[in-house]
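Everything on this sheet refers to the single structure shown next.
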Amino acid sequence: MPHWGSVAIMSLTMDRYNPAEIEAKWQQIWKEQESFTVPNPDDRGEAAPAAKSYVLEMLPYPSGTLHMGHVKNYTMGDVLARFRMRNGLTVFHPMGYDAFGLPAENAAIKTGAHPEELTRINTTNINQQLHRLGVSIDWSRELATCDPEYYKWTQYFFLKLFEQKLAYRKEAAVNWCPSCATVLANEQVIQGGCERCSTAVEPRSLAQWFFKITAYAERLLQDFKLLKSWPERVITMQRNWIGRSEGAEVVFRVEELDLDIPVFTTRPDTLFGATFFLLAPEHELVQALVDGTEFENPVRDYVASARMKPVLDRSAPDREKTGEFTGRYVINPVNNERIPIYISDYVLMEYGTGAIMAVPAHDQRDFEFARNFDIEVRPVVAAGGQAEAGGETMAAAFEEDGIMINSGHFDGMPNREAGRAITEWLNSEHLGRVAVSYRLRDWLVSRQRYWGAPIPIIYCDNCGAVPVPEDDLPVLLPKVNDYAPKGRSPIAANEEFVNTTCPACGGAASRETDTMDTFVDSSWYFLRYTDPHNDKEPFNKRIANYWMPVDQYIGGVEHAILHLMYARFFTKVLFDMGMVDFEEPFTNLFTQGMIYYKGAKMSKSKGNVVNPDEHVERYGADTLRLYILFMGPPELDVEWQDQGIDGTSRFLGRVWRLVNEVVEKTKPLPEERPDFDGAAGPAASLLGKTHRTTAKVTADISGRFRFNTAISAIMELVNEAYLAKETLLADEEGKIVIRIVAETVVALLDPFTPHLGAELWQRLGHKCIWREPWPQADERWLQEETYELVVQINGKVRDRLQVPSSASQEELAAAARASGRISRYTEGKQVVKEIIVPGRLVNLVVK
RNA sequence: GCCGAAGUGGCGGAACUGGCAGACGCGCCGGACUCAAAAUCCGGUGGGGCUCACCCCCCGUGUGGGUUCGAUUCCCACCUUCGGCACCA
């Protein structure tokens, strides 16, 4: 039973800031009016009325609900989108779901539900969350990568790559995660463990599909120059991942057998110091070398044990060097010396040629091996050029540069120069050539799991691997009853799916049952947005060329290598096939920092998750959006503070009360605004602050995305408005000024807090703020009339003087000297030097 | 080990191209309003010293040096934290 007091309280709360109410109101309007839908350029190819800007945030993986990292990501994108919209650009701002993938499948295994059903529930949920955040998305372009209308085209691209010989199948030692029961790409192995579950990956020899990304290694490096504002660290990470090294390929002939084995070396200058030769245990010639000899059995045992070793053990850098002699020798082409061939597991089959010339004097690993096997260490590069130290006495390999010794007629040359000369000589003798090697491996795309796009290939006993004809796409993912991983895809158990006829000869055949890595799905989604309902082709070239490339891409730095490199690769392939006219998908990239809580990354397993929904409910989406950007510089990691959000909540309440009071006590602004030329006192000072704030907020958003400082500038303006409010409301000119201030505050705040912006803008007597032009700072008001001049003695602040902005250097110096406080320090001393920085300070150097 | 980023009050952070260190916010302290509380509004808040009415002085941006009239900012060396790579020939 309410008592009488509640009536009064009710009427007071009527006009209290009520985010739930106004947010629902504007979300409804934006949805019904499709306020952020943008049309494609029409079929005649007429240019759109304004320049376009493609603002894109990385699409979410729909695992349950959005977390704070998503909120930060989508809010940042939204601020930019709304800001650019209001600055006259045609903003393209779509959204979708990276909906295939393991988590949904694992959840399905646990609960028995279908992954598709779980995914549908999650995408619906996330769609609602995004609406509740008020992001300005063109929802007419929404897509999910697990829809057949989408993955039909993912399969189509697989076929295109197959046609170009960029998709191929080979038997290879691959990374197997026993827990996820699938193979992984190299990029998905983190320190020998699965990126998803950290289980140690095992080597397995399997026939798998690869995309030939190595064919694009050089262009992926070269085209960094086409990228405008990518973070340096992302480029560095990709550069390291690609791992380009220049050197030489040198061919060694095996004695007695008719075999040539090439090696790759970055140190051709040390060729005269090669005292043994190594093959990776997996090298294809190992068996041929030892066949029928006394070395066959021990070598075979060694190879077998190397194959068994977990990837992590094998790659530990400080492991004891082991190996096995093959009984064979190669001839060193530069001096015709015979040197023994060993096998050792520190030589990797995947890098270079899987064989190396070993130079123990100048390579630490080879040095350790030589000491273990009692092999000669022969220095060929000497520091400073003095006579050689004996190899027997060296304690470690000498890896620096120096002067050549023990190297025939190359002696005395600087080693780098000698390297070039030796390579040239090898080249003229057809024994070697300049070569470049990359660390990058081809992209393994097969996955032995259910919830992904089926690889559109049919195996026929007569015809081999045959592509599914384009007209038969999509190859639909069949329903199955059991998703449990068994080391092969669950769809392999579905005979109806597997058994088919060969498209080439019509004979009995079976389908490929592996699905594609989900990074394939996300390597082209940004193109599909441009033409999402096209059922004739993945996208129309002209339309894609119009919207692409993405002008601003925003996402987490964890995708620095994986997604961002795959998407670049895909775009280059499409460019080469003539499907698009640009070579890089993302001109500008911004990588946001992570949000920590209680000293660690938020994660369900640690139980330190801050739920965005709860905060939207308690404070409103605008408050959450504002706080998440106010927390700190967006590119840095920041710690979530529970009480911090109260500050932005209070601030929005202050804005609400200020603007409503202004609406109540002043009239709408006249068409023709006074120029305030004669204005003085609080009116002039607040007007100046307003223009300076406008300039700062504009620069902060458009420049380096310094949202935190933009917001604090608006806070300062609101603080000053509160202090001047009573005075200004007392006269007519003041009323106009405070009304201008209120409108500017709302206009500047709007990209951050769009619901509050829309509501207050309406109350101020206007319409649709998201279409209003962005406020412009007036030059005349940017300069303050006077400023505080700092006066220093020997670099220490001793006084501050109020001086006119127009004061000359001489006037500033005179004012400084005239200061009573300053005289204390100059008395009896000599002013040796005067440094005058107009606008800032005067520094007197005294002795 | 190599490469990259970062170290500023009790906390998140600010300081443009070398020019007032600590904007803005949190927290805390005080005042106003209130019977009271919440909310709100106003003020204070780096440390130390002093003849502590708010005048003044000293110290202070991870550590130690350097350049400069002047350094959070530039240079050298080092420490710590985080991220990437790591037997890649």
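Nothing here was measured: the structure is a model prediction, and the numbers come from that model. Heavy-atom basis, side chains included; hydrogens, waters and symmetry copies ignored. A, B, ... follow the sequence lines: proteins, then strands. Residue 1 opens every chain.
Contact detail for A:Ile341 and A:Val330: the closest heavy-atom pair is CD1-CG1, 3.5 Å. Nearest heavy atoms, A:Ala816 versus A:Val842: CB-CG1, 3.8 Å. Nearest approach of A:Lys321 to A:Asn372, heavy atoms of both residues: O-ND2, 3.0 Å. The shortest heavy-atom contact between A:Ser245 and A:Tyr351 is OG-OH, 3.1 Å. Counting all heavy atoms, side chain and backbone alike, A:Ala721 lies closest to A:Leu686 at N-CD1, 3.9 Å.
In terms of phosphate contacts, A:Arg244 brings no side-chain nitrogen or oxygen within less than 4.0 Å of OP1 or OP2 of B:C88. The side chain of A:Arg657 places an N or O atom within less than 4.0 Å of a non-bridging phosphate oxygen (OP1 or OP2) of B:C41. The side chain of A:Arg650 contributes no N or O atom lying less than 4.0 Å from OP1 or OP2 of B:A39.
One interatomic measurement links the two molecules: CZ of A:Arg654 to C1' of B:A39, which rounds to 13 Å at whole-angstrom precision. The distance between atom CD1 of A:Ile343 and atom P of B:A89, rounded to the nearest whole Å, is 22 Å. Atom CD of A:Glu720 and atom C1' of B:C24 are 13 Å apart (whole Å). Spacing between atom CD of A:Glu661 and atom C1' of B:C41 amounts to 11 Å, rounded to whole angstrom units. What separates CE of A:Met349 from C1' of B:C88 is a distance of 13 Å, to the nearest Å. Whole-Å rounding puts the A:Lys796 NZ to B:C20 P distance at 15 Å. Whole-Å rounding puts the A:Arg798 CZ to B:C69 P distance at 18 Å. Counting to the nearest Å, the C1' atom of B:A89 and the CG atom of A:Leu279 are 13 Å from each other.
Comparing the C1' positions of B:G22 and B:U72 gives an interatomic distance of 11 Å, to the nearest angstrom. Separating the C1' atom of B:C78 from that of B:G30 is a span of 46 Å, rounded to the nearest Å. Comparing the C1' positions of B:G18 and B:G66 gives a spacing of 15 Å, expressed to the nearest Å. For the C1' atom pair drawn from B:G12 and B:G27, the interatomic distance equals 11 Å after rounding to whole Å. Comparing the same atom, C1', in B:C57 and in B:G19 gives a spacing of 22 Å after rounding to whole Å. The P atoms of B:G65 and B:C59 are separated by 15 Å, rounded to the nearest whole Å. Of the C1' atoms belonging to B:A15 and B:A21, the separation is 7 Å, rounded to the nearest Å. Only the P atoms considered, B:C16 is 43 Å distant from B:C33, to the nearest whole Å.
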Quiz item: So what does the secondary structure string of RNA chain B come out as, 5' to 3', with Watson-Crick or wobble pairs under 3.5 angstrom, [ ] for crossing and | for pairs with another strand?
Solution: (((((((..(((......[....)))((((((.......))))))((((......))))..(((((..]....))))))))))))....
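In terms of polar N and O atoms assigned as donor or acceptor, the side chain of A:Arg441 comes within less than 3.5 Å of the base of B:C88 in a complementary pairing.
Atom CZ of A:Arg618 sits in a sparse spot, with 12 or fewer heavy atoms from other residues, nucleotides or ligands closer than 6.0 Å.
Nucleic acid contact class of A:Ile714 (heavy atoms, under 4.0 Å, all strands): none. At the heavy-atom level, A:Val790 lies under 4.0 Å from base atoms of the strands shown. A:Glu788 comes within contact range of at least one nucleobase, with a heavy-atom separation under 4.0 Å. At the heavy-atom level, A:Ser437 lies nowhere under 4.0 Å from the strands shown. A:Trp241 comes within 4.0 angstrom of sugar-phosphate atoms only, judged by non-hydrogen atoms across all strands, and of no base. Within the 4.0 angstrom heavy-atom criterion, no nucleotide atom of any strand lies near A:Tyr438. Contact annotation for A:Arg233: backbone-only contact, meaning every heavy-atom pair under 4.0 Å involves sugar-phosphate atoms and none involves a base. Residue contacts shown for A:Asp366 are absent, as no nucleic acid heavy atom lies under 4.0 Å away. Counting any heavy atom pair closer than 4.0 Å across all strands shown, A:Val263 reaches no nucleic acid atom.
Distance from the side chain of A:Tyr351 is smallest for B:C88 among the nucleotides B:C88, B:C20, B:A23. Residue A:Arg365 places its side chain closer to B:A89 than to any other of B:C42, B:C20, B:A89. Closest to the side chain of A:Val797, out of B:C59, B:A21, B:C69, is B:A21. The side chain of A:Ile561 approaches B:C85 more closely than any other nucleotide in the set B:C58, B:C85, B:A89. Among the nucleotides B:A21, B:C87, B:C24, the one closest to any side-chain atom of A:Glu716 is B:C24. Distances from the side chain of A:Asp646 to the nucleotides B:C69, B:G27, B:A23 place B:G27 closest.
Two residues, A:Val557 and A:Gly647, neighbour RNA chain B, and the one matched to the more 5' nucleotide by heavy-atom proximity is A:Gly647.
Defined by atom type and a distance below 3.5 Å, a donor-acceptor pair is present between the side-chain atoms of A:Glu187 and A:Trp241. Using modelled atom types and a 3.5 Å distance limit, the side chains of A:Asp646 and A:Tyr627 yield no donor-acceptor pair. Neither side chain, A:Tyr619 nor A:Thr648, offers a donor N or O lying under 3.5 Å from an acceptor on the other.
The CZ atom of A:Phe224 lies 9.5 Å from the CD atom of A:Glu232; values are rounded to the nearest 0.5 Å.
B:G65 shows a glycosidic angle more than 90° from 0 and is accordingly assigned anti.
Here A:Phe276 and A:Phe373 keep their ring centres 6.0 angstrom or further from each other.
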Quiz item: Which nucleotides of nucleotides 9-19 of chain B have their base under 4.0 Å from a protein heavy atom (B), which only their sugar-phosphate (S), and which neither (-), written as one string 5' to 3'?
Solution: --SBSSSB--B
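Tested against A:Leu728 for a side chain to side chain contact (heavy atoms under 4.5 Å, CB included), the candidates A:Val662, A:Ile738, A:Val741 yield a single pass: A:Ile738.
The main-chain N or O of A:Phe398 is found under 3.5 Å from a side-chain atom of A:His362 such that the two form a donor-acceptor pair.
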